[in-house]
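All figures in this text were calculated on a predicted structure; none of them were measured in a lab.
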Amino acid sequence: SYEVTATVDDPNYEGSASGTFVINKKLATVTADNKTKTYGDDNPPLTATVTGVINGDTLNYSLSTTATKNSPVGEYDITVTLGSNPNYEVTPQNGKLTVTHKLLTITAENITKIYGETVTFAGTEFTVSGLVNGDSVASVTLTSDGAAASATVGTYSIVPSNAVGTRLGNYSITYANGLLTVSQKSLTITANNRTKFYGETVTFGGTEFTTDGLVNGDSVTRVTLTSDGAAASAPVGTYPIVPSNPVGTGLENYDIRYVNGTLTVSAWTLKGFYQPVDMSTPTVIIYNTVKVAALSRSSLRYLQAQLS
């Protein structure tokens, strides 16, 4: 306030008066600006909007918040604290600092197994991206249609969910699937060994084999078996028995290895040959009603004795 004195400046009059001139404080406001930050980030610079000031004046005030870098998701006051402003009647208006969820990605690890095996998830087969402030993911639920022993060869999604850990409420969690690859199991099919006498014919039934490696009730009912020694004309010696083309159930889940068998063609042994016998055509010799061999006249001798 100021003292005011009035005097009459007129020769025809005289007198004076006094009073007080009051200058009221100007109304002003300081409004803290609302701010947003992501959990784990540093606080943003705090600012305010000032209204009502004139003449280039600057108001004295400060801004503060209880939120820190590690503060959990939520809203925190931004408080306006006024300093000395003698020419202004200042109204402070607080703002809000909003801490939002941080993005967190949990990715299931890829796994490979062999057909017939069972996968049991421990809940730790995953990776994370986005954790801060010492937070952690201890385990997640992992499921896959390929985990069972009966799952056929192929690829299956590994689906993560339900993460367990510390302060995970501060995150917006995205789950990324992994892949479970079921690979073929080794299966060995081995042809059985066979023996025959020269002159005999071997006809394979397709069941003369053994298997090693079948699981889940799968089966091999027959295979194709071939051998150069199967014909009656095959000379004495040994010949591979070659298996191939198996027929059965679930065989697409196997990496099949074939092992040959051995067909042994044995010679007949004849005793007691004497002088040559002249015959015009090959002759079949029968001993005790058993066919022994077909001999040409150039090699046939009179048979007196027996088979050994």
Side chains of [X] and [Y], donor plus acceptor under 3.5 Å:
X    : Y    : value
N245 : Y258 : no
T224 : S244 : no
T238 : T264 : no
T36  : T98  : no
T47  : D33  : yes
N43  : K37  : yes

Give a yes or no on whether the backbone of [Y] and the side-chain of [X] come within a donor-acceptor separation of less than 3.5 Å.
X    : Y    : result
E75  : L97  : no
S183 : K113 : yes
E200 : Y198 : no
T221 : V247 : yes
K185 : I256 : no

Flag yes if [X] and [Y] sit in one hydrophobic cluster, no otherwise; membership is Ile, Leu, Val, Met, Phe, Trp, Tyr, and two members link when side-chain heavy atoms are under 4.5 Å apart.
X    : Y    : answer
I114 : L187 : no
V119 : V215 : yes
Y39  : V128 : yes
I173 : L103 : no
L104 : Y175 : yes

| By salt bridge (Lys or Arg N to Asp or Glu O under 4.0 Å), which residues pair with R257, not counting sequence neighbours? |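 Listed in chain order: nothing, the list is empty.
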
Exceeds 12 heavy-atom contacts within 6.0 angstrom, atom [atom1] of [X]:
X    : atom1 : result
N34  : CG    : yes
N70  : CG    : yes
D212 : CG    : no

Exercise: identify the closest heavy-atom pair between [X] and [Y]:
X    : Y    : answer
T249 : G217 : OG1-O, 4.1 Å
G229 : V265 : O-CG2, 3.9 Å
E208 : T203 : OE2-O, 4.3 Å
Y156 : T152 : OH-O, 2.8 Å
T38  : H101 : CG2-O, 3.8 Å
I54  : Y88  : N-OH, 3.0 Å

| task | Kindly assign one of parallel, tilted or perpendicular to the pair Y115 and Y254, based on the angle between their ring planes and the thresholds 30° and 60°. | result |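 Ring orientation of Y115 relative to Y254: perpendicular.
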
| said: I'd like to know whether K96 forms a salt bridge (Lys or Arg N to Asp or Glu O under 4.0 Å) with D77, so could you lay out the CA-CA distance, the side-chain angles of the two residues, the decisive distance to 0.1 Å, and finally the verdict. | reply: CA-CA 5 Å; K96 294 290 184 182; D77 285 334; 2.6 Å; yes

| query | Tell me, which pairs form a salt bridge (charged side-chain N to carboxylate O under 4.0 Å, His left out) where one or both residues lie in residues 215-224, sequence neighbours left out? | reply |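 Matches after skipping sequence neighbours: none remain.
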
| said: Applying side chain to side chain contact (heavy atoms under 4.5 Å, CB included) to V80 and L63, what does each step give before you reach the verdict? | reply: CA-CA 5 Å; V80 179; L63 302 169; 3.6 Å; yes

| query | Which of these, T49, T91, T51, sits in a side-chain hydrogen bond (donor to acceptor under 3.5 Å, both in side chains) with T29? | reply |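 Answer to the side-chain hydrogen bond (donor to acceptor under 3.5 Å, both in side chains) test with T29 among T49, T91, T51: T51.
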
| Member of N60, T58, V53 meeting the side-chain contact (heavy atoms from CB on, under 4.5 Å) criterion with N85 |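 Single pass found, and it is N60.
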
